[in-house]
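One structure is given here, and the rest of the page talks about it.
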Amino acid sequence: MFKVGMISLGCPKNQVDGEMMLDKLNKNGFQIVPNIEDSDVMIINTCGFIESAKTEAIETILETAEYKKAGLISAIVVTGCLAERYKDEILKEIPEVDAVIGIGADADIVKVCQKALVGIQTSNFPDKCYLPLDDERLVSTPPHWAYLKLSDGCDNRCSYCAIPLIRGEYREREMQSILNEAETLAENGVKELILIAQDTTKYGKQIYGEYKLAELLKELCKISGIEWIRLFYCYPDRVTDELIEVIASEEKICSYIDIPLQHCNGEILKSMNRFGDYNSLKALILKMKKNIPNLSLRTTFMVGFPGETEEQFEELCRFVKDIKFDKMGCFAYSPEEDTPAYSFENQIDDAVKQKRADVLMDIQYTITEEANKSKIGNTYKVIIDEKDDDKYIGRSYLDSPEIDSGIIFTSDKELEIGSFVDVKITDFDGYDLIGECTL
């Protein structure tokens, strides 16, 4: 029996693609192993969204190539977004790689690995529409939570973004397919579902002709065993009143929304081929906060977009101070080939971009400190993710796994990973809260 390992880089959507490949391999006689040195063939499921992600992917491929040179593994297969975007360049530049396949060839991963193990090199890039959306998965997250992908591809065409070039046009799943998968996940012990897509708020438009995320959420809430449902990648223009009402009224839906805004300046957003400005975005956020009790809002901003002036950056800083986001990420603009913004005039120096990113994150850290101080004395329902020596690490509805901070707490009793407990907050350490279980 051949052994196969996988390193999955980038976003949760890519991770789900990797889980589908692992399931196919597992059902076709491959043994799935966690470590490079234990594998015969190593799959690197790459990200290629921005320059830092591409760098990480290339470094990972090169590091894995060293294992092959040393005779510790037999074959290397590269797939995912970097493979889709740069195709034969990877085989040309890194000869240790045995196969490079586009996302449309993910369903053929068993044949690709079999060929790689007998020395047959593969380079295959079928249409992106062949990427499976609703196949079975070998879930790689802890047993109590899982991602649930609604769609793939994107038609938003933001001027800086290479995703439409890499992932193709927007495609979505039938609602019943999503519900069937959620039922299966619940039967297997999953208690928290995290809904993902390039744009979750667009769900329903392709198949049903209208937005259906609110209806989907209502149906997911009926599934026994699911206790938390969390929303990622919501596009601000499509956060409808109906969606807000459903989030507010359904107990299982976490009062948590990830809504990447990218900027607040109207001119910059227009140049990004996005909509809104300081006032309209603030109005939306205030409406959401007014109607969704105790809403936890996560966002992401991009600084250093071509033409961004100091005044426009300062406006963004004021916006962050004004709104006080619960969670915020920031990255410097990365010029991506074949996107409109790549050829825009007034490209900004890398050092300036990084300084702006650092300034914005410093502002957010101060906001987070103040927010964490205000949580001392509060008690939260917490799902337990792991145990570290004599302490447990978990999350309240305020935090998503792998991306947000958590709650580190003690308990007089032995607790089960994946169970829910009440935790009283006693202190904080940076982004993390400290607490005590109140069983």
Side-chain angles (χ1 to χ4, degrees), residues 7-9 11-12 15 19 33-36 38 139-148 185-186 188-194 196 225-232 251-258 294-300 324-330 361-362 364-439:
I7 299 172
S8 197
L9 304 172
C11 69
Q15 183 173 339
E19 292 172 349
V33 294
N35 302 314
I36 298 178
D38 296 329
V139 178
S140 59
T141 52
H144 56 280
W145 68 268
Y147 294 113
L148 184 60
L185 290 169
N188 291 333
V190 170
K191 300 175 183 177
E192 178 180 6
L193 291 176
I194 302 172
I196 57 173
I226 300 299
E227 296 194 40
W228 280 358
I229 300 169
R230 195 179 295 275
L231 277 174
F232 262 45
E251 186 177 342
K252 289 187 178 183
I253 303 175
C254 294
S255 295
Y256 175 108
I257 301 177
D258 172 83
N294 302 311
L295 174 64
S296 179
L297 201 60
R298 160 172 277 285
T299 195
T300 308
K324 292 182 171 59
F325 292 95
D326 300 274
K327 316 287 179 185
M328 190 200 82
C330 176
M361 288 308 300
D362 284 345
Q364 180 61 31
Y365 185 77
T366 299
I367 292 168
T368 300
E369 273 196 322
E370 293 173 358
N372 282 348
K373 284 180 185 177
S374 72
K375 293 181 176 72
I376 294 175
N378 293 353
T379 298
Y380 295 99
K381 177 182 177 181
V382 169
I383 190 167
I384 304 172
D385 285 328
E386 59 180 297
K387 186 177 183 182
D388 184 11
D389 294 329
D390 60 340
K391 293 182 174 63
Y392 292 90
I393 301 172
R395 297 170 288 108
S396 72
Y397 79 92
L398 296 164
D399 301 300
S400 184
E402 295 189 331
I403 189 170
D404 293 330
S405 50
I407 299 176
I408 303 167
F409 65 96
T410 56
S411 173
D412 294 334
K413 299 180 180 179
E414 192 71 21
L415 303 174
E416 183 180 350
I417 305 301
S419 63
F420 288 91
V421 294
D422 289 333
V423 175
K424 183 176 181 179
I425 305 304
T426 58
D427 202 351
F428 69 94
D429 181 12
Y431 288 99
D432 293 317
L433 298 172
I434 310 297
E436 298 171 349
C437 182
T438 60
L439 278 176

- request: Search all heavy atoms of Trp228 against all heavy atoms of Arg395 and return the closest pair with its distance.
  value: CH2-O, 3.5 Å
- prompt: Knowing that exactly one of Thr379, Ile407, Leu433, Ile434 qualifies, which makes a side chain to side chain contact (heavy atoms under 4.5 Å, CB included) with Val423?
  reply: Ile407
field: Closest approach of Ser8 to Gln15 (non-hydrogen atoms, all atoms of both residues)
entry: OG-CA, 3.6 Å
message: Let me confirm one number: the CD1-CD distance from Ile194 to Glu402, rounded to the nearest 0.5 Å.
response: 7.5 Å
message: Which heavy atom of Pro401 sits nearest to which heavy atom of Tyr147, and what is that distance?
response: O-OH, 4.3 Å
Tabulate below the donor-acceptor pairs under 3.5 Å that side-chain atoms of residues 408-418 make, not counting sequence neighbours, or state none.
| from | atom 1 | to | atom 2 | distance (Å) |
| --- | --- | --- | --- | --- |
| Ser411 | OG | Lys413 | N | 3.1 |
| Ser411 | OG | Lys413 | O | 2.9 |
| Glu414 | OE1 | Lys387 | NZ | 3.3 |
| Glu414 | OE2 | Lys387 | NZ | 3.2 |

- request: Write down the atom of Ile425, the atom of Lys375, and the distance for their closest heavy-atom approach.
  value: CB-O, 3.4 Å
query: Would the number of heavy atoms belonging to other residues, nucleotides or ligands and lying under 6.0 Å from NZ of Lys424 be above 12?
result: no
query: About how many Å separate CG of Asp326 and OH of Tyr256, when rounded to the nearest 0.5 Å?
result: 9.5 Å
query: Are His144 and Ile384 close enough, and set up right, to give a side-chain contact (heavy atoms from CB on, under 4.5 Å), and what steps lead you there?
result: CA-CA 9 Å; His144 56 280; Ile384 304 172; over 6 Å; no
- prompt: Taking all non-hydrogen atoms of both residues, which atom of Cys437 and which atom of Val421 are closest, and how far apart?
  reply: SG-CB, 3.9 Å
Least distance between heavy atoms, Ile403 atom then Arg298 atom: O-NH2, 3.7 Å
Residues in salt bridge (Lys or Arg N to Asp or Glu O under 4.0 Å) contact with Asp399, at least two apart in sequence or another chain: Lys327
